[in-house]
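First the structure, in the form of structure tokens, and then the observations on it.
Chain letters run A, B, ... following the sequence lines, proteins first and then strands; every chain starts at 1. The shown structure was predicted, so the numbers you read here are calculated from the model rather than taken from an experiment. Atom set for the values below is all heavy atoms of this structure, side chains included, hydrogens, waters and symmetry mates excluded.
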Amino acid sequence: MPEMDERYNPQAIETAVQQRWTLQSAYRADEDPAREKFYCLCMFPYPSGRLHMGHVRNYTIGDVISRYQRMCGKNVLQPMGWDAFGLPAENAAIENNIPPAKWTRANIEDMKAQLQRLGFGYDWDRELATCDPEYYRWEQWFFTRLYEKGLVYRKKSLVNWDPVDQTVLANEQVIDGCGWRSGAPVERREIPQWFLKITAYADELLDGLDDLEGWPNAVKVMQRNWIGRSRGLSIKFRVVGGSAPLEVFTTRPDTLLGATYMAVAPEHPLAVAAAEQRKDVAEFVASCRAQSTSEAAIEKLDKRGVPLGIEVEHPLSGERLPVWVANFVLITYGTGAVMSVPAHDQRDWEFARAFGLAIKPVIKPAGGDVPDIEQGAFTEKGELVNSGAYDGMDFDTAFDAITQALGDSAQTQVQYRLRDWLVSRQRYWGCPIPMVYEGEAIHPEAAERLPVALPEEIEWQGVVSPLQTTASFVETTVPGSNKPARRETDTFDTFFESSWYFSRYCSPGATDGMVDERARYWMPVDIYIGGIEHAVLHLLYARFFHKLMRDDGLVDGPEPFKQLLTQGMVCKETYFRVDEQGRPRYFNPADVDVERDDKGAVVAAQAKADGEPVQIGPVEKMSKSKNNGVDPAVLVEKYGADTVRLYTMFAAPPDQSLEWSDSAVEGAFRFLRNLWRLVADHVANDSPVGSVEPEALNKELKALRQRVHATIAKVTDDVARRYKFNTAIAAVMELINALSKARDSSPAGRAVMQEGLEVAVRLLAPITPHCTDALWSALGHTESLLDTPWPRVDQQALAQDEIEVVVQINGKKRALITVPASADKAALEARAIEDQNIQRHVGNHEIKKIVVVPNKLVNIVVAT
RNA sequence: GCCGGGAUGGCGGAACUGGUAGACGCGCCAGACUCAAAAUCUGGUAUGGGUAACCAUGUGUGGGUUCGAGUCCCACUCCCGGUACCA
């Protein structure tokens with residue numbers, strides 16, 4: 001066996017192994033129809049400059065799965081790239097006067113080096129950055145295709161407008177209703193923008209969820225609710241003294257006779273017209289402009305409104321109902337108007353109560369009494385009352401009868417909560433939307449003139465997108481002629497780039513299309529790993545985009561991601577002092593000493609700098625603002641990549657949030673060092689290693705070998721089916737603990753030890769690929785660990801002669817008995833009753849029954 | 001507000017299909033080694049009682065179903081993610 005350093009020296013091992021991988025292009029993936037492929041994808045990062053623990057966690061999960069699949073013989077593709085467009089680059093540009101392109105490319109270089117240091121097995125030949133014109137030219141091309149197909153349109157939509165900076169703000173940039181830089185109250189404004197018709201695919205996106213067996217249920221439920229398909233009635237109300245009717249959609253036409261007023265959005269034509277006549281309406285509509293466009297902000301507003309002085313005629317009763325303008329009705333939802341039934345809708349109820357509007361119950365529980373609507377609305381379906389001819393009908397009967405009675409003024413309709421995808425952004429650092437304006441006429445950019453390149457050498461003045469003021473960009477000609485024209489200066493939503501990058505990875509360098517034939521080999525992605533925060537938007541847009549590409553014949557299959565693994569956040573405790581203004585000033589945990597009581601509970605903390613106390617805050621997501629980030633690079637430097645990878649996989653299962661602990665990282669390092677020493681001791685011994693002869697093993701060795709194979713079974717299940725790497729690692733730790741205690745240096749003993757160590761090394765190989773590589777050669781192997789087959793369970797070794805069975809009395813554990821594995825029900829009962837503690841507890845109580853769960857427990861039910 | 005998720009020792013977590021609550025690791029306590037400390041090794045460690053065997057209590061709160069509930073049902077509290085221009 002080869003010489004082996006007795007000390008575990010991660011830095012030296014990792015450098016050497018990584019150099020060899022690079023030299024051998026160990027992770028290059030080639031299309032090979034003869035082999036089964038496995039496409040493992042992690043959500044690509046935004047290149048902020050520093051790799052954070054969330055990235056390390058995400059990419060370690062992907063790397064573990066990739067390496068496991070490779071050891072199972074699959075042809076594995078694991079690519080990496082950069083979601084390079086976005087707001088932070090613009091902010092850096094404004095703050096530090098660095099062009100976003102330069103800032104972003106420098107960040108990519110830094111982060112790439114950090115990823116490589118962690119030993120992730122990426123095929124870097126497929127690397128892409130979305131800000132690369134050779135990438136975004138294809139989405140520009142595709143957008144013009146969609147325009148020709150009628151899936152793209154232009155429409156006015158609301159934005160947050162900063163009146164001081166004269167710019168559009170993202171929802172994130174609106175703080176308490178004011179612009180984050182200017183501090184000025186934000187205004188809602190309508191501007192023309194580009195949309196993609198995702199609603200045309202709503203049914204397919206909804207129904208497709210049923211077939212996504214490899215997706216977490218929570219994500220599917222969220223997407224279902226987001227799409228929100230509902231069937232209802234579109235009803236036209238005649239406006240008294242008006243020409244155009246007021247149209248509303250309701251899912252509850254059964255409550256039509258309970259409608260007591262109508263509510264419209266501040267931007268609704270009726271409100272706009274009334275504002276010209278009435279001062280109070282004009283003032284109210286103006287006040288509604290001073291609020292952000294975010295749904296969360298609108299829904300939490302105090303519900304306010306004023307009457308427009310307009311009435312509509314109830315289509316069944318002929319009664320006149322007042323029309324109000326209300327701040328919670330959105331012009332972008334449905335028709336921007338709602339029919340209000342306060343007795344059966346809680347929000348309508350609250351509004352009616354606040355403004356003294358009538359509340360008329362028209363539904364009661366089937367067979368019950370008219371509900372008490374003093375305390376709140378009765379929102380369930382039931383039986384109609386106070387509805388004349390419709391009294392006594394149930395929901396479905398009333399739905400049909402009322403639809404029929406309304407005749408031309410109503411139509412059944414399927415409505416979605418989902419709105420079309422607004423893809424325009426009034427920003428510089430994004431992909432230019434390839435459209436050209438010749439006066440009012442719109443022309444898609446011609447394919448041969450693509451890409452419409454974003455000018456990267458720009459001067460940034462103020463906060464407005466420099467694209468609007470760069471004449472060389474704006475001034476152009478109509479495609480196919482010399483007539484002067486202006487370019488669209490809006491750029492795409494960055495979700496546009498991240499909706500198809502996984503297909504492009506499959507066709508690196510393709511110069512005559514978005515993707516080529518190679519994509520048919522690799523797609524769909526077998527497992528997609530990333531943060532749960534992307535459950536709806538990114539993952540819904542990506543599914544939609546895949547379907548658009550499929551309908552253009554570019555890719556195959558209905559869905560892009562076969563399995564989805566959603567990752568939890570990485571958190572850390574916080575420490576702070578409150579300053580004179582009452583604001584917390586945060587201390588990095590590395591700069592704080594903690595004091596513990598004799599149980600180890602943290603009772604106090606002091607800043608290292610001055611020894612004065614600091615307050616202990618809650619455990620929160622690692623962030624700049626809470627100053628509780630831990631830099632992965634520092635830990636890799638101190639312990640090596642394997643320890644960081646091992647700890648992130650061990651601390652929590654992938655889908656849960658992970659609380660970072662520096663001392664537990666130390667524990668992970670200790671484990672690797674102990675493993676190293678165990679192997680070193682084993683190979684340092686010159687006495688012969690026999691071959692394992694299962695039948696000839698003594699009882700101890702047989703039991704040890706049983707553990708080895710039970711561990712293979714456990715770890716394989718955890719890694720391949722459950723994605724619970726924490727319990728997989730715990731199982732290997734238990735095996736190593738057992739092997740450490742075994743000190744049998746006979747040839748048979750050494751043979752079982754050799755088998756156990758080889759198993760442990762292979763089980764850990766995907767998680768800690770560097771040190772296991774070195775250990776594998778130390779154990780006498782010359783072939784690469786990367787392609788060494790995953791260990792297999794020897795079923796015979798798993799068999800146990802004796803098992804432990806719990807004995808309960810009335811469900812409380814009272815004894816633990818050891819019985820032959822072959823013991824039948826009667827034998828188990830007999831052995832259980834024999835037990836002294838059981839005898840004592842049963843006493844002279846009557847035994848009512850005995851429940852036996854084979855191989856597990858006996859529960860004796862006694863009278864009490 | 002609405003949609004989704006979560007809560008288990010001093011801490012991270014385990015318990016997979018309703019069947020031994022606390023695996024594994026950290027921390028802490030004690031001992032060994034050391035002039036001493038660190039490192040390392042050995043043992044202990046849910047809480048209360050008991051020398052011990054063992055007993056009682058215990059999985060956010062309050063109810064329920066069951067021979068048996070951390071796990072299922074009902075009602076609630078708090079925390080986290082999303083909420084369409086952060087990515």
Q: Using the C1' atoms only, state how far B/U40 lies from B/U34, rounded to an integer number of Å.
A: 11 Å
With syn defined as a glycosidic angle within 90 degrees of 0 and anti as anything else, the base of B/G64 is anti
Is a side-chain N or O of A/Arg419 found less than 3.5 angstrom from the main chain of A/Tyr416, in a donor-acceptor match? no
Closest of B/C41, B/U83, B/G19 to the A/Arg677 side chain is B/C41
For this session: Quote, to the nearest angstrom, the P distance that separates B/G58 from B/G4.
Result: 32 Å
Checking B/G1, B/C67, B/C26 against the side chain of A/Val851 (C-beta onward), the nearest is B/C67
- Query: Taking OP1 and OP2 of B/G12, is either one under 4.0 Å from a side-chain nitrogen or oxygen of A/Ser661?
  - Reply: no
Determine the interplanar angle of the A/Phe351 and A/Phe328 rings, folded into 0 to 90°, and report it as parallel if under 30°, tilted if 30 to 60°, perpendicular if over 60°.
-> perpendicular
Between A/Phe85 and A/Tyr541, the residue closer to the 5' end of RNA chain B by nearest nucleotide is A/Tyr541
With sugar-phosphate taken as primed atoms, P, OP1 and OP2 and all else as base, the protein-contact string of nucleotides 49-60 of chain B at under 4.0 Å (heavy atoms; B, S, -) is -----SSSS---
Between CZ of A/Phe495 and C1' of B/C86 the distance, given in whole Å, is 8 Å
| Looking only at atom P, what distance separates B/G12 and B/C80, rounded to whole Å? | 16 Å
Closest of B/C85, B/C67, B/G81 to the A/Asn160 side chain is B/C85
Under 6.0 Å between ring centres, would you say that holds for A/Phe650 and A/Phe725?
no
Using only side-chain N and O atoms of A/Arg670, determine if any of them is under 4.0 Å from OP1 or OP2 of B/G27.
yes
Atom CD1 of A/Ile298 and atom P of B/U83 are separated, to the nearest Å, by 14 Å
Of the listed B/G4, B/G19, B/C85, the closest approach to the A/Asn859 side chain comes from B/G19
Quiz item: How is A/Ile850 classified with respect to the nucleic acid when contacts are heavy atoms under 4.0 Å: base, sugar-phosphate, or nothing?
Solution: nothing
Of B/G5, B/U20, B/C26, the nucleotide closest to the side chain of A/Leu816 is B/U20
Of the listed B/C24, B/A84, B/G19, the closest approach to the A/Met733 side chain comes from B/C24
Taken to the nearest whole Å, CD/A/Glu299 to P/B/A84 is 11 Å
- Task: Could you check whether A/Glu734 gets within reach of a base, just the sugar-phosphate, or nothing at all, counting any heavy atom under 4.0 Å?
- Result: sugar-phosphate
Per atom distances to the A/Met222 side chain, the nearest of B/C3, B/A84, B/A87 is B/C3
Side-chain atoms of A/Val221 come closest, of B/G82, B/A84, B/G4, to B/G4
Quick note, A/Glu295 side chain, CB onward, closest among B/G1, B/G81, B/G27 is B/G1
Contacts of A/Lys741 and A/Glu804 projected onto RNA chain B by closest heavy atom; the upstream (5') one is A/Glu804
Within the 4.0 Å heavy-atom criterion, would you say A/Val806 contacts the bases, only the backbone, or no part of the nucleic acid? base
Quick one: the side chain of A/Asn225 and the base of B/C3, do they pair up donor-acceptor inside 3.5 Å? no
Q | Interatomic distance at C1', B/C11 relative to B/C67, whole Å | A | 36 Å
* Distance between P atoms of B/C29 and B/A38 (Å, rounded) -> 11 Å
### Heavy atoms from other residues, nucleotides or ligands near NZ of A/Lys220 exceed 12 (cutoff 6.0 Å)
yes
Test side-chain hydrogen bond (donor to acceptor under 3.5 Å, both in side chains), reference A/Gln193, set A/Lys156, A/Lys155, A/Gln426, A/Arg154, output is A/Gln426
Next item on the list: Check the angle between the aromatic planes of A/Tyr59 and A/His55 and answer parallel, tilted or perpendicular using the 30° and 60° thresholds.
Entry: parallel
Answer for the Watson-Crick or wobble partner of B/C33, both distances under 3.5 Å, is none
A/Met569 atom CE is separated from B/A87 atom P, nearest whole Å, by 19 Å
A/Leu87 has its side chain closest, among B/A87, B/G81, B/G27, to B/A87
query: Which of parallel (below 30°), tilted (30 to 60°) and perpendicular (above 60°) describes A/Trp421 and A/Phe545?
result: perpendicular
*Is there a donor-acceptor pair under 3.5 Å between the side chain of A/Ser424 and the backbone N or O of A/Asp490?*
no
Whole-Å distance, A/Ile767 CD1 to B/C24 P, equals 18 Å
Integer angstrom distance from the P of B/G70 to that of B/C78: 25 Å
A/Lys621 atom NZ is separated from B/C86 atom P, nearest whole Å, by 14 Å
Using atom C1' in both nucleotides, what's the gap between B/G10 and B/G5 to the nearest angstrom?
27 Å
### Message
Quick check: any donor-acceptor pair below 3.5 Å linking the side-chain of A/Gln193 to the base of B/C85?
### Response
yes
P gap between B/U59 and B/A7, integer Å: 14 Å
Would you please classify the geometry between the A/Trp660 ring and the A/Tyr647 ring as parallel, tilted or perpendicular, with 30° and 60° separating the classes?
-> perpendicular
Would you list the protein and nucleotides 13-17 of chain B atom pairs, both N or O, that sit under 3.5 Å from each other?
residue : atom : partner  : partner atom : Å
B/G13   : OP1  : A/Ser657 : O            : 3.2
B/G13   : O3'  : A/Asn726 : ND2          : 3.3
B/A14   : OP1  : A/Asn726 : ND2          : 3.0
B/A15   : OP1  : A/Arg722 : NH1          : 3.2
B/A15   : OP1  : A/Arg722 : NH2          : 2.9
B/C16   : N1   : A/Arg722 : NH1          : 3.4
B/C16   : O2   : A/Arg721 : NH2          : 2.7
B/C16   : N4   : A/Lys714 : NZ           : 2.5

Would you please confirm or rule out a distance under 4.0 Å between OP1 or OP2 of B/G4 and any side-chain N or O of A/Asn217? no
Rounded to whole Å, CG of A/Asn674 lies from C1' of B/G25 at a distance of 12 Å
